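Being a predicted model, the structure only gives us computed values, none of them experimental.
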Amino acid sequence: MIKHEAKFLGDYIQGQFLRTERPDGQFKDISPADLNDVVMNIEYCWEHVDRAVESARKAYLPWARLSQDERRNYLLRLKEMFDTHAEKMAEAISRDTGKPLWEGLTEAKALSNKIDITLNFSSK
């Protein structure tokens, strides 16, 4: 596994990554399996929490008004992304948690399976 520091793009709010000029703080995500492996340097901004909550409030009604078929299509697209990027997600999970890569892959694949469960059992 090639270990490289992931670039922190910012907080993803309302369809875009937001960075701040004045972060309230920062921390390093270091792999517990290899303390020399810096996964990512992360800045945080408390104002972004409020913005994210407000964005979620605004998104609720449009999502709630979608038909079941429209929601299903969004979830199937998300599942497709999970499947396409399972190996990259497995590496991120493994490095972040210190779990072996095979276990990270199991977790990454479980994301896709959870969408199947939602579509097959929760929406009926």
Side-chain angles (χ1 to χ4, degrees):
M1 173 181 347
I2 298 173
K3 296 177 182 175
H4 59 280
E5 185 176 326
K7 181 180 179 186
F8 176 67
L9 300 175
D11 297 313
Y12 194 74
I13 301 171
Q14 211 167 6
Q16 63 183 344
F17 287 100
L18 298 178
R19 300 280 309 257
T20 182
E21 291 183 20
R22 294 188 194 138
D24 292 311
Q26 59 184 0
F27 62 93
K28 286 184 180 187
D29 181 6
I30 299 172
S31 174
D34 178 356
L35 298 179
N36 294 313
D37 179 14
V38 177
V39 179
M40 183 185 296
N41 283 295
I42 300 151
E43 298 173 346
Y44 59 88
C45 173
W46 298 119
E47 177 191 343
H48 287 183
V49 174
D50 294 333
R51 289 176 76 174
V53 169
E54 183 59 28
S55 177
R57 280 190 183 120
K58 288 179 181 177
Y60 172 76
L61 276 179
W63 175 260
R65 291 179 177 143
L66 291 176
S67 70
Q68 194 167 8
D69 285 339
E70 289 170 313
R71 288 188 210 175
R72 180 180 185 79
N73 288 337
Y74 279 111
L75 290 172
L76 288 172
R77 179 73 174 124
L78 180 59
K79 178 183 175 178
E80 182 182 321
M81 291 293 100
F82 285 160
D83 290 341
T84 300
H85 300 285
E87 289 185 19
K88 289 179 186 177
M89 292 182 352
E91 180 183 342
I93 291 167
S94 176
R95 290 177 66 202
D96 184 56
T97 64
K99 293 179 178 182
L101 188 56
W102 66 264
E103 192 171 352
L105 188 56
T106 300
E107 287 191 29
K109 288 181 178 181
L111 293 169
S112 178
N113 294 335
K114 288 176 192 265
I115 290 177
D116 287 336
I117 291 168
T118 298
L119 292 175
N120 294 327
F121 299 103
S122 299
S123 59
K124 295 183 179 188

request  = Mind checking the CD-CG spacing from E87 to L101? Nearest 0.5 Å is all I need.
outcome  = 8.0 Å
inquiry  = My understanding is that a hydrophobic cluster links ILVMFWY residues whose side chain heavy atoms are under 4.5 Å apart, including indirect links. Using that, what else belongs to the cluster containing L105?
reply    = none
key: Heavy-atom pair of closest approach, residues P32 and R95   = CD-O, 3.7 Å
inquiry  = Side chains of T106 and E103 only: does a donor on one sit below 3.5 Å from an acceptor on the other?
reply    = no
request  = To the nearest 0.5 Å, tell me how far I30 CD1 sits from M40 CE.
outcome  = 13.0 Å
message = Can you give me the closest heavy-atom contact between Y74 and L66, atom names plus distance?
response = CE1-CD1, 3.7 Å
query = Is a side-chain N or O of S94 found less than 3.5 angstrom from the main chain of K99, in a donor-acceptor match?
reply = yes
Output side-chain donor-acceptor pairs under 3.5 Å for residues 75-82, partner residues at least two apart or in another chain, one line each.
{"unit_1": "R77", "atom_1": "NH1", "unit_2": "E80", "atom_2": "OE2", "d": "2.9"}
{"unit_1": "K79", "atom_1": "NZ", "unit_2": "D116", "atom_2": "OD1", "d": "2.8"}
{"unit_1": "K79", "atom_1": "NZ", "unit_2": "D116", "atom_2": "OD2", "d": "3.0"}

N/O donor-acceptor pair under 3.5 Å between E70 side chain and S67 backbone = yes
message = Within the 3.5 Å criterion, strictly below it, is a donor on E5 or N41 matched to an acceptor on the partner's side chain?
response = yes
request  = In sequence, state the C-alpha distance, the side-chain angles, and the governing distance for F8 and R19, and then conclude on side-chain contact (heavy atoms from CB on, under 4.5 Å).
outcome  = CA-CA 9 Å; F8 176 67; R19 300 280 309 257; 3.8 Å; yes
key: Taking every non-hydrogen atom, the tightest pair across A86 and A108   = O-CB, 3.5 Å
ask   = Under a 4.5 Å cut-off applied to non-hydrogen side-chain atoms, are I42 and D29 in contact?
value = yes
query = Does the side-chain contact (heavy atoms from CB on, under 4.5 Å) test come out yes or no for E107 and L111, once each step is laid out?
reply = CA-CA 7 Å; E107 287 191 29; L111 293 169; over 6 Å; no
Just list the side-chain donor-acceptor pairs under 3.5 Å for residues 44-56, sequence neighbours left out, or say none.
{"unit_1": "H48", "atom_1": "ND1", "unit_2": "D11", "atom_2": "OD2", "d": "2.6"}

ask   = Would you find more than 12 non-hydrogen atoms of other residues, nucleotides or ligands less than 6.0 Å from F17 atom CZ?
value = yes
ask   = What are the two closest heavy atoms between G98 and S31, and how far apart are they?
value = CA-OG, 4.4 Å
H4 side, atom NE2; D37 side, atom CG - distance, nearest 0.5 Å = 9.5 Å
